[in-house]
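Within every chain, numbering begins at 1; the chains are lettered A, B, ... in the order of the sequence lines, protein sequences first and strands thereafter.
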Amino acid sequence: MDWAAIWLTMKLASATTLILFVAGLPLAYWLAMSRWPGRFVIEAVVALPLVLPPTVLGYYLLVTMGPYGVLGQISTSLFGVRLPFTFAGILVGSVLFNLPFAVRPFAAAFAAMDRQLIEASWCLGVSRFETFRRVTLPLCWPGILAGLILTFAHTVGEFGVVLMIGGNLEGKTRTASVSIYDSVQALDYQTAGQTALLLLVFSFTVLCLAQWLGRRGGPV
Amino acid sequence: MTTDLVSRFVKRYVAGATIDIDFRQSTDSSNVTALFGPSGCGKTTLLRCLAGLIHPDEGVIQFRDQTWFAADRNIALSPQQRDIGFLFQEYALFPHLTVTENIGYGVHDHTSAQRQHRVAQMLELFDLKGLELRHPRQLSGGQQQRVALARTLARRPKLLLLDEPLSALDTLLREQLRGELRAVLAELGTPVILVTHDRVEAIALADRVAVIDAGSIQQIGSVQDVFTRPKNAALARLVGMETIVSGEIVDVLDGLATVRVGTTSLLAVAPLTAVRQVHVCIKGEDVALQKGSSGSSSVRNHLNATIRSLTQEGPLVRVGLDCGFELTSLITRPASEELQLKVGDPITAMLKAPAIHLVPAAAGSLSASHPG
């Protein structure tokens, strides 16, 4: 089995999940609470990866990450990092591609919450941030956890975007799913089968967990 | 008399409704004001604007020496900056916190010892001992209401706002808690503004009533003024309780109370709480009239009366009676013609005991505001 690829996959999935936890929560909270009429545009952008072929997203990302692209220029001048065919590159792609899997469950949990509880907290003199920490998060954690699990699992299975941006560099961008493809191309069905089985068992376990959390409901 | 609260503002809704409010509250004897009106009239909007949960489009809200909202100066304080207590209709207790944690939630004292002391005080005051570790879903409706009130008062707000404080309770409990809540509010000394669509609730809890309809305040005054002397027919229909007088319960037997009102006695269903001083509330349509005087006086609420006034109100006639106190009867025009009513004539007014609502009186509020 290609342990290097599995290790890289776990690293990518963990980093993606962490970034989406930090960045996705405020975005989801805003989507759930905002009454701005143009909100639907942002909602559509967040949902886009659900219907867009991974190769399309991968293509545009690759172009913008190149030396003449906006993302490429920003990352080289600010961080001195080149994005195409690197771990940083596939991480950016993975975060964008997983946006709906994190943000939508988060937003659903926030929207299902009783808004009066938030107002009650404000009227008790507690700041917006503290209210979020002491009331919203504890009441929405099943939905948030479900979003994080989905994101992690979905990143583990990601193929198209990673291949388009990262290619197939061992230890750098070759994830488990790319490794399976690679093994099949080399007619090594045994290795491909082992990795595939591992991913199958993993995904099934994770979905069971997510379903179980989902049944425990959103806010208490 | 100093003015505590000045609010004068306009709030427009996309759907076309406009709320245009001019409301003041002063720190004189009357510290509980009820905003009374049908649902959708704008009373909740006023309350939420005072709390800072929504902001008006124009106008000013001033509390003591602090400006809470001023459209022309771009001032709009958040609820956190206003030092208010807000009691929500459904109480909005935090479901994941215990009773103690709920009550202590907004207390920002320096040391945890101070905070614990404050929470303990509240548990004592609201009779919540033994329930400290319960979660809200393990409490009865009445207990939830007490926890919510304790949570609101624990941080000693300067202005208390109550949104339909009793409407989430069933009828029996509502009647019990009305008296309790009145006692708490009277003891508090904090100005209170409450919203209600229930006449009896307004009469029981408030010193002063502001009737709101179609987005603005139509009449404001003492409980007795507003409910017995509505400024116009539309308001009369809105408040719908033609007679409100003070009375004293002199005897209770088998659930029936004998109430002395002026020089007369009435038989009514006794209130749940043991009180002496009550408001006697009677709807005009519950007062039936019979020609002549009844032989014996005031047997089973047959009252000897004299007709003082007759006013046509559409298909109805409003009959002002003197039967030892001022009583108003509403009868249909054919009935009035049949009885050949004339001002000055003697007549018998008949009342069924269940049609007489006895509301525990706020200590002296009626007599204080109306010495005459």
Side-chain angles (χ1 to χ4, degrees), chain A residues 21 25-26 28-41 105-148 212-220, chain B residues 13-14 44 47-55 77-98 101-109 115 118 122 135-138 144 147-164 168:
Chain A
F21 178 66
L25 277 183
Y29 189 75
W30 178 81
L31 280 177
M33 300 296 166
S34 165
R35 294 201 181 96
W36 180 54
R39 197 187 61 215
F40 70 95
V41 177
F106 295 172
F110 292 146
M113 205 185 124
D114 182 0
R115 236 191 108 80
Q116 281 208 340
L117 296 177
I118 297 173
E119 294 183 339
S121 171
W122 293 350
C123 288
L124 289 163
V126 175
S127 72
R128 282 170 179 253
F129 180 76
E130 278 293 296
T131 299
F132 184 76
R133 194 181 65 78
R134 290 170 68 186
V135 177
T136 315
L137 270 190
L139 289 176
C140 294
W141 74 264
I144 291 167
L145 200 58
L148 293 177
W212 179 73
L213 277 171
R215 192 169 316 159
R216 292 205 37 177
V220 187
Chain B
Y13 285 96
V14 185
T44 301
L47 205 68
R48 291 175 64 82
C49 282
L50 294 178
L53 290 170
I54 50 174
H55 294 306
L77 296 194
S78 67
Q80 287 93 336
Q81 295 168 301
R82 292 192 185 194
D83 231 340
I84 43 144
F86 196 110
L87 187 74
F88 288 83
Q89 196 172 351
E90 310 285 338
Y91 308 135
L93 293 174
F94 302 122
H96 60 302
L97 300 181
T98 62
E101 289 166 338
N102 262 288
I103 295 175
Y105 181 85
V107 182
H108 305 296
D109 277 323
R115 204 160 50 233
R118 188 81 73 86
M122 286 295 148
H135 281 84
R137 63 178 171 278
Q138 299 167 300
Q144 287 186 20
V147 174
L149 201 55
R151 181 180 70 176
T152 306
L153 296 178
R155 50 190 298 270
R156 300 193 179 129
K158 295 207 176 70
L159 174 68
L160 187 57
L161 306 169
L162 314 177
D163 188 7
E164 305 268 5

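Nearest heavy-atom pair across L93(B) and L117(A) is O-CD2, 3.2 Å. For R134(A) against H96(B), the heavy-atom pair with the smallest separation is O-NE2, 2.9 Å.
For F21(A), the CZ atom is loosely surrounded, since the number of other residues' heavy atoms within 6.0 Å does not exceed 12.
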Would you mind writing out the side-chain donor-acceptor pairs for residues 120-129 of chain A within the sub-3.5 Å range, not counting sequence neighbours?
| unit_1 | atom_1 | unit_2 | atom_2 | d |
| --- | --- | --- | --- | --- |
| S121(A) | OG | T131(A) | OG1 | 2.7 |
| S121(A) | OG | Y105(B) | OH | 2.7 |
| S127(A) | OG | E130(A) | N | 3.2 |

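When heavy atoms are compared at a cutoff of 4.5 Å, T152(B) approaches chain A solely by way of its backbone atoms N, CA, C and O. Only the side chain of L53(B) has a heavy atom closer than 4.5 Å to any heavy atom of chain A.
Per-residue counts of heavy-atom pairs under 4.5 Å with chain A were compared for Q81(B), R151(B), R82(B), E90(B); the largest is that of R151(B).
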